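So that the names make sense, note that chain A is the first sequence line, chain B the second, and so on, each numbered from 1. What you see is a predicted model, and the numbers here were worked out from it, not measured in a lab.
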Amino acid sequence: MKYYLMKSEPDCYSIDDLKKDKTTSWSGVRNYQARNFMMDMRKGDEILFYHSNAKEIGIAGIGNISKEAYPDHTAWNPKDEHYDAKIAHGDPRWQMVDVRFVKKFPHVVTLDTLKNTPSLKNMITLRKGNRLSITPVTKKEFETIVKLSEK
DNA sequence: GCCAACGTTGGC
DNA sequence: GCCAACGTTGGC
């Protein structure tokens with residue numbers, strides 16, 4: 001079992017949307033590093049759902065991987081916001097996974113809290129200038145954040 | 001809305 | 001292969 005953090009702008013897609021939908025396909029990732037992490041994901045791996053560019057920035061809940069990486073067809077659709085004109089139709093360069101809702105935290109574990117928790121200081125997403133939308137987290141980091149959400 | 005930090009692109 | 005220019009991300 002592995003653990004990841006996935007960022008989403010709640011104006012675009014929030015933990016409440018995931019709760020309502022039950023599962024969603026994580027399409028639109030156009031960054032090679034983030035894609036590679038998705039390709040490492042296995043069914044059942046757990047993810048921290050992070051709200052970026054939000055009124056309340058931080059981790060809003062938990063999901064898990066319900067379907068492993070498969071081609072992101074939105075890259076081939078000229079009408080899609082994440083259309084990639086540089087690849088051929090059918091090119092499986094960009095991939096997505098399906099994420100299932102697990103729980104919404106009773107309160108957001110804010111970025112401020114994350115920064116002020118010494119055992120989380122190595123989290124990739126907290127490093128200066130990091131913009132990766134998908135990053136691995138350790139089991140310990142995952143469990144620490146779950147505990148913070150219960151406080 | 002600003003801007004620092006980063007990834008990508010393309011000319012050479 | 002270098003690197004300047006550009007576009008994007010995301011916190012503030």
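If you find the closest nucleotide of DNA chain B to N53(A) and to G129(A), the one lying nearer the 5' end belongs to N53(A). Where I57(A) and R131(A) each meet DNA chain C at their nearest nucleotide, the meeting point lying more 5' is that of R131(A).
Taking atom CG on L132(A) and atom P on dT8(C), their separation rounds to 17 Å, with Å as the unit. Taking atom CD of residue E81(A) and atom C1' of nucleotide dT8(C), one finds them 13 Å apart after rounding to whole Å. Protein atom CD1 of I134(A) is 15 Å distant from nucleotide atom P of dG7(B), rounded to whole Å.
The pair D72(A)-R30(A) meets the salt-bridge criterion, since a charged nitrogen lies less than 4.0 angstrom from a carboxylate oxygen. D40(A) has no carboxylate O lying under 4.0 Å from a charged side-chain N of K2(A), or vice versa, which leaves the two without a salt bridge. Note on K147(A) versus E143(A): no salt bridge recorded, every NZ/NE/NH1/NH2 to OD/OE distance being 4.0 Å or above.
Proximity of the aromatic rings of F49(A) and W26(A) is defined here by a centroid distance below 6.0 angstrom, and this criterion is met. Annotation: Y32(A) is in aromatic contact with W94(A) [ring centroid separation under 6.0 Å].
At a cut-off of 3.5 Å, with distance as the only test, no side-chain donor of N64(A) or Y4(A) sits close to an acceptor on the other residue.
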Check nucleotides 9-12 of chain B against the protein and report each pair of N or O atoms closer than 3.5 Å, with its distance, or say if there are none.
{"unit_1": "dT9(B)", "atom_1": "OP1", "unit_2": "K86(A)", "atom_2": "NZ", "d": "3.4"}

